[in-house]
Amino acid sequence: MVNSSSSGNEPGANPPSRPTIRPAQRQHPAPQAPGNSPYPGPVDTAGSGDQPLPSRRELRRREAEAAAAQGQPTAHYSDASDMYADPDYSGVESGQATQAMPPAHQGPPPTRREQAATRRKRQPVEREPLGPVRGTVRTFGELCITAGLVLILFVVWQLWWTDIEANRDNENLADQLTEDWANQDPNELPDDPDEPVVADPVDKNSAFGIFYIPRFGDDYYRTVAEGVDLEPVLNRMGVGRYPNSAMPGEVGNFSVAGHRVTYGKPFNKIANLRPGDEIIVQTKDGFYTYTFRNFDIILPDAVEVLSPVPDEPDYKGKDRILTMTACNPMFSARERYVAYSELTDWTPAKDGPPKSIKDSKAYDKVSKNGGA
Amino acid sequence: MYGFIWRLLPGNWFVKLIFALILIAAVVLLLMQYVFPVIAPYMPFNNATVTDGGQ
């Protein structure tokens, strides 16, 4: 500190360029070198105005050797800062040395090259050690970021990828179903032409019909399977039929459930249904046309909506009803949206599809397979 | 953590990058194919049915 203050007085007298210091300082190298060697720190070298340059260079060499031998990072830091500090301080120190410009240029460059070389070598050594605290904090931060990314990925998967998968499954299943139908004989028609054939019950988790709902889109069709388990029915097979409810065409309540969001969202637009809208269910035997009547919003445990006369579990009923349930509001499990429909028409398979879906893209696509 | 993985990967930076991308793809596939389908039923927005117990 004493040195630096003394050097601080000098610059006012002489403001020459940096390199000039060094040669001047060289003039008395011998006495200074031994005095400096025990304190190789940046303060010393930078601050002392009367310090000779050659000794500094020697010092650095010695420092570098010592540091290399011991592997002390502190030595490198001081070395590096020295190099940057040098020019600034040299301007301050330069008061003494105005004469010896030329040799100065020869002096410093090798030093810098050396330093640069040593720095390059040492860099990885400096970087690697990360204290236990900083290491823990960094790892914790990285884990947090990872958790955030995983959550985002989950949302993407849930909202986007499940739809893609379920739609693909839906198409494959519908193709398979119509192929099967083409190889099976339909049930015998009842004597009364107005009376629909009651579809045969099927095994759990197997598909037995296809829903067409023109209100949901011209190309809308979803397979309907037995059971209301998430896997595999609701998540991969479209709509699921409540076990023990009526089959299509049967007197009673043909009740189905479907996702309103995600997994192909078969009932996404269930709230768009208007009284009079047709819901057509195709089975091996033909087409059942249900007409939408009204909707309700209920609590998740209101199973009475599945009874033959909804909300009146004690009555047997004589109508053929279709009840569709989906979650409400969207993305919530708090309530259920229920849509009630009534069978209003029926067409045997041999008579072809009803007018409302005859020219639709959905029926085109399904029937292309040579199915019913 | 990521620095550690990066250092474990062999080769120069380009090879490392390819390995890293493969690793990321593998993790994403694992999550989407096996982990998320297990978690999804516990999420509160996938219930479409009415049942005796609710939910």
Side-chain angles (χ1 to χ4, degrees), chain A residues 127-128 130 135 138-143 145-146 149-150 153-159 161-162 165 228-231 234-235 239-240 242 255-263 265-267 270 298-306 323-334 336-338, chain B:
Chain A
R127 264 189 204 172
E128 243 182 81
L130 199 62
R138 173 176 293 190
T139 306
F140 178 72
E142 284 176 348
L143 285 176
I145 293 171
T146 309
L149 290 176
V150 169
L153 185 68
F154 177 76
V155 172
V156 168
W157 172 82
Q158 183 77 85
L159 294 186
W161 188 250
T162 58
E165 274 190 327
V228 287
D229 296 334
L230 285 177
E231 284 288 345
L234 294 186
N235 286 357
V239 179
Y242 284 92
S255 353
V256 295
H259 280 296
R260 197 166 170 195
V261 291
T262 68
Y263 297 102
K265 40 190 172 192
F267 289 165
I270 194 168
I298 55 166
L299 291 176
D301 59 355
V303 283
E304 58 270 17
V305 301
L306 307 179
T323 299
M324 301 188 287
T325 65
C327 65
N328 187 72
M330 285 198 194
F331 296 105
S332 166
R334 199 178 308 158
R336 299 289 182 272
Y337 194 100
V338 204
Chain B
M1 186 178 74
Y2 290 120
F4 180 68
I5 294 171
W6 184 257
R7 258 172 271 137
L8 276 189
L9 294 174
N12 61 13
W13 72 267
F14 185 72
V15 179
K16 279 171 183 247
L17 184 72
I18 291 179
F19 270 107
L21 290 178
I22 291 173
L23 269 183
I24 291 170
V27 169
V28 168
L29 194 76
L30 195 79
L31 285 173
M32 301 222 314
Q33 208 64 37
Y34 300 103
V35 180
F36 292 160
V38 175
I39 299 172
Y42 300 100
M43 294 292 128
F45 45 77
N46 282 325
N47 300 315
T49 58
V50 290
T51 52
D52 271 329
Q55 299 308 313

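Convention: sequence-line order gives letters A, B, ...; per-chain numbering from 1. This one's a predicted model, so the numbers in the text were calculated from it and none came from an experiment.
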> Does some side-chain heavy atom of B/T49 sit less than 4.5 Å from a side-chain heavy atom of A/L230?
Replying inline: no
> Is the B/F36 ring parallel, tilted or perpendicular to the A/F154 ring (thresholds 30°, 60°)?
Replying inline: perpendicular
Which of [options] touches chain B most, by non-hydrogen pairs under 4.5 Å:
{"options": "A/F267, A/Y337, A/Y242, A/W161", "value": "A/Y242"}
{"options": "A/G135, A/G141, A/A326, A/S255", "value": "A/A326"}
{"options": "A/L153, A/L143, A/T139", "value": "A/L153"}

>> Under a 3.5 Å distance rule, please check whether A/E142 uses its side chain to pair with a backbone N or O of B/Y2 as donor and acceptor.
In response: yes
> How far apart are the C-alpha atoms of A/T146 and B/M1, what are their side-chain angles, what is the distance that settles it, and do they pass the side-chain contact (heavy atoms from CB on, under 4.5 Å) test?
Replying inline: CA-CA 11 Å; A/T146 309; B/M1 186 178 74; 3.8 Å; yes
> With only heavy atoms counted, which part of A/V338 is less than 4.5 Å from chain B, the side chain, the backbone, both or neither?
Replying inline: neither
> Using non-hydrogen atoms only, which part of A/T262 is less than 4.5 Å away from chain B: side chain, backbone, both, or neither?
Replying inline: side chain
>> Rounded at 0.5 Å granularity, tell me how far CD in B/Q33 sits from CH2 in A/W157.
In response: 9.5 Å
>> Please find the pair of heavy atoms, one from B/V50 and one from A/I298, that lie closest to each other, and give the distance.
In response: CG1-CD1, 3.5 Å
> Side chain, backbone, both or neither: which part of B/V27 has a heavy atom under 4.5 Å from chain A?
Replying inline: neither
